[in-house]
Colleague: 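This is the structure I want to talk about, given as structure tokens.
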Amino acid sequence: MKRRVIIVSMRLPVTVTVEHGRPTVRPSVGGLATGLRSVYAEDDGVWIGWPGRVEELDAAEERTLREHLAALHTVPVYLTAHETTVFYEGIANGVLWPVFHDRLDQLPLRVHGWDVYEQVNARFADTVARHYHPGDLIWVHDYQLLRVPAILRELLPEARIGFFLHIPFPNPEIFFALPSREWLLRGMLGADLIGFHTWRFRGHFTAAMRRLLHLQPEREEAMYEGRRIQLGVFPMGIDAAGYAERGASPRVLAEVARLRSDRDVRFLVGVDRLDYSKGIERRLLAFERLLQTHPEWSTRVRLVQIAVPSRAGVSAYRRLRERVDGLVGRINGAFGTPRWTPIHYMYRSVSDDLLVALYRAADVMVVTPVRDGMNLVAKEFAASRTDEDGVLVLSEFAGAAEELTDALLVNPYDVDGTAEAMHRALVMPREERHARMRALRRVVQTNDVARWVERFIGALAANGASEER
Ligand code: GDG
């Protein structure tokens, strides 16, 4: 029998806008929303999350918003302005994000706000409890909600609770820097199933359990407070068929033709949120190095870098933006000519069609994060390439590297080595490009987002039976 699923994530899969006091709600098309639509929208399930900052609404407007959201099977959890600052920007994005991405240098000197973190997590858990019917499966997502499983376990001792971490779980030596490390770990352990993108992250997690809680977890499960907890590896996929269809559509191909109107200029493409985990600065330096060491590429190659504005309320992100602006200006100033600009830099998001057109136009896609849970951009690139062409340069430090072994794998800290990989990708013979791309496409097609959802829900519903690949 199919069981109802309650999804719990920081953000709802909708975009809310308020114009002239009238709230409107549109479903968003992100990977998670697409993959999970089949479980929350079609089977009477529900998705609980934050609709984003909505202006102050009066009671009638709030009711309208709630009705719109209910029609999309979603339930809002609101944050006050103070909570947005302390919980979301302060703790989640200012403390947990850097630590989980190995960036202790980004930690504020004094960390405070754990009480607000607990308070917001408790509100999420309360909302879940209000919508819960016995037999439902609860699936909690990500680092903003690490305490939700434990709070829910108190409220609903019998419930089946799954937790998936979308970002890396760091090496315990780094995790231990968190003042509230034990409390956070115990938060996750409220779940019956804890999922990670990779074997490595799961290994870090079990090591932290051993050293901090003196537990003896096995590789795939652990006993904790008399309960058996499954520890699973579920590398997230994408809507591969959707990207293939868009990639082959006449609109996108027309855009590709416009982008590639100058046949003599080769294209490198990078697409990231502007985040220090994405390795954008070293990528720009590697591109500069390519122009220095291989001057034959001068005027014959360009890097199109999309940097999507992100977390501008956190000072580390504002500083990063200034550094990237400076680097782009310096490199273009040093190498540009009246008819050629080496780096085309866009600090904004682009439409889905333009995004896929860039994937299709790229001779080389450069995905070089210094740390990344998975990285869906790398997978979307491969899925879009129905022409079976294009080379992926991929960081060893992206979770995706465990699966996409036919990419040119690079160490993003090795700027010279990354520059050489860019060169190698640009001169790679056609046969080799096709062979590698075919292999990449097989992986993303087989392990798509629908399969990811099936595997996680299957393991959660299986009452403890292991669902390892
Ligand atoms: C977290 C983890 C993990 C980007 N620019 C535009 C645009 N995008 C879309 C991409 C892709 C998504 O945003 C970015 O996903 P990533 O996986 O690359 O990165 P994070 O946002 O950091 O996601 C990550 C992921 O969670 C899932 O578990 O893989 O490691 O950090 O889907 O297509 N979309 C459009 N315009 C843009 O300009 N339309």
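Each ligand, and each atom within it, is numbered from 1 in the order the structure gives.
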Colleague: F196 and F234: aromatic ring centres closer than 6.0 Å?
Modeller: no
Colleague: Below 4.0 angstrom from a heavy atom of W97, which ligand 1 atoms are there? Numbered from 1 as shown, please.
Modeller: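 The list of qualifying atoms is 31 (O).
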Colleague: Who gets closest to atom 22 (O) of ligand 1 by heavy atom: R273, H166, H101?
Modeller: R273
Colleague: Ring centroid separation for W97 and Y317, is it under 6.0 angstrom?
Modeller: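 That pair fails the under 6.0 Å test.
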Colleague: What distance separates R360 CZ from E255 CD, expressed to the nearest 0.5 Å?
Modeller: 13.0 Å
Colleague: Given L376, D239, D142, I167, which has its nearest heavy atom closest to atom 18 (O) of ligand 1?
Modeller: L376
Colleague: Just going by heavy-atom distances, which of D352, D353, L355 is nearest to atom 39 (N) of ligand 1?
Modeller: D352
Colleague: Heavy atoms, side chains only, cut-off 4.5 Å: are V391 and D363 in contact?
Modeller: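 They are not in side-chain contact.
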Colleague: Establish, for the pair R181 and F176, whether the NZ or CZ atom is under 6.0 angstrom from the six-membered ring centre and no further than 45 degrees off its axis.
Modeller: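 Output yes; distance and angle both within limits.
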Colleague: Compute the shortest N/O to N/O distance between N375 and ligand 1 and return yes if it is under 3.5 Å, no if not.
Modeller: yes
Colleague: For the residue pair V324 and Y276, establish whether any side-chain heavy-atom pair is separated by less than 4.5 Å.
Modeller: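 No - every pair of side-chain heavy atoms lies 4.5 Å or more apart.
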Colleague: For ligand 1, is any non-hydrogen atom under 4.0 Å from V350's backbone (N, CA, C, O), its side chain (CB onward), both, or neither?
Modeller: both
Colleague: Evaluate the criterion side chain to side chain donor-acceptor pair (under 3.5 Å) for residue pair Y243 and D352; output intermediate values, then yes/no.
Modeller: CA-CA 10 Å; Y243 278 93; D352 291 343; over 6 Å; no
Colleague: Which of the numbered atoms in ligand 1 are below 4.0 angstrom from a heavy atom of M374?
Modeller: 3 (C), 24 (C), 29 (O), 30 (O)
Colleague: If you count heavy atoms of other groups shown closer than 6.0 angstrom to CD of E89, is the number above 12?
Modeller: yes
Colleague: So between V367, D372, V271, whose heavy atom ends up nearest atom 30 (O) of ligand 1?
Modeller: D372
Colleague: Closer than 4.0 Å to some heavy atom of G373 - which atoms of ligand 1 meet that?
Modeller: 30 (O)
Colleague: So if I count the atoms of ligand 1 from 1 in the order they appear, which ones are less than 4.0 Å from some heavy atom of K278?
Modeller: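 What qualifies from ligand 1 is 18 (O), 19 (O), 20 (P), 22 (O).
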Colleague: How about F201 and L165: do any of their side-chain heavy atoms sit closer than 4.5 Å?
Modeller: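 A side-chain contact under 4.5 Å is absent here.
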Colleague: Show the atoms of ligand 1 that are less than 4.0 angstrom away from any heavy atom in H197.
Modeller: 28 (O)
Colleague: Need the ligand 1 atom indices (1-based, order shown) with element for anything under 4.0 Å from a heavy-atom of M236.
Modeller: 27 (C), 28 (O)
Colleague: Find all atoms of ligand 1 within a distance of less than 4.0 Å from any non-hydrogen atom belonging to Y359, and give their numbers and elements.
Modeller: 33 (O)
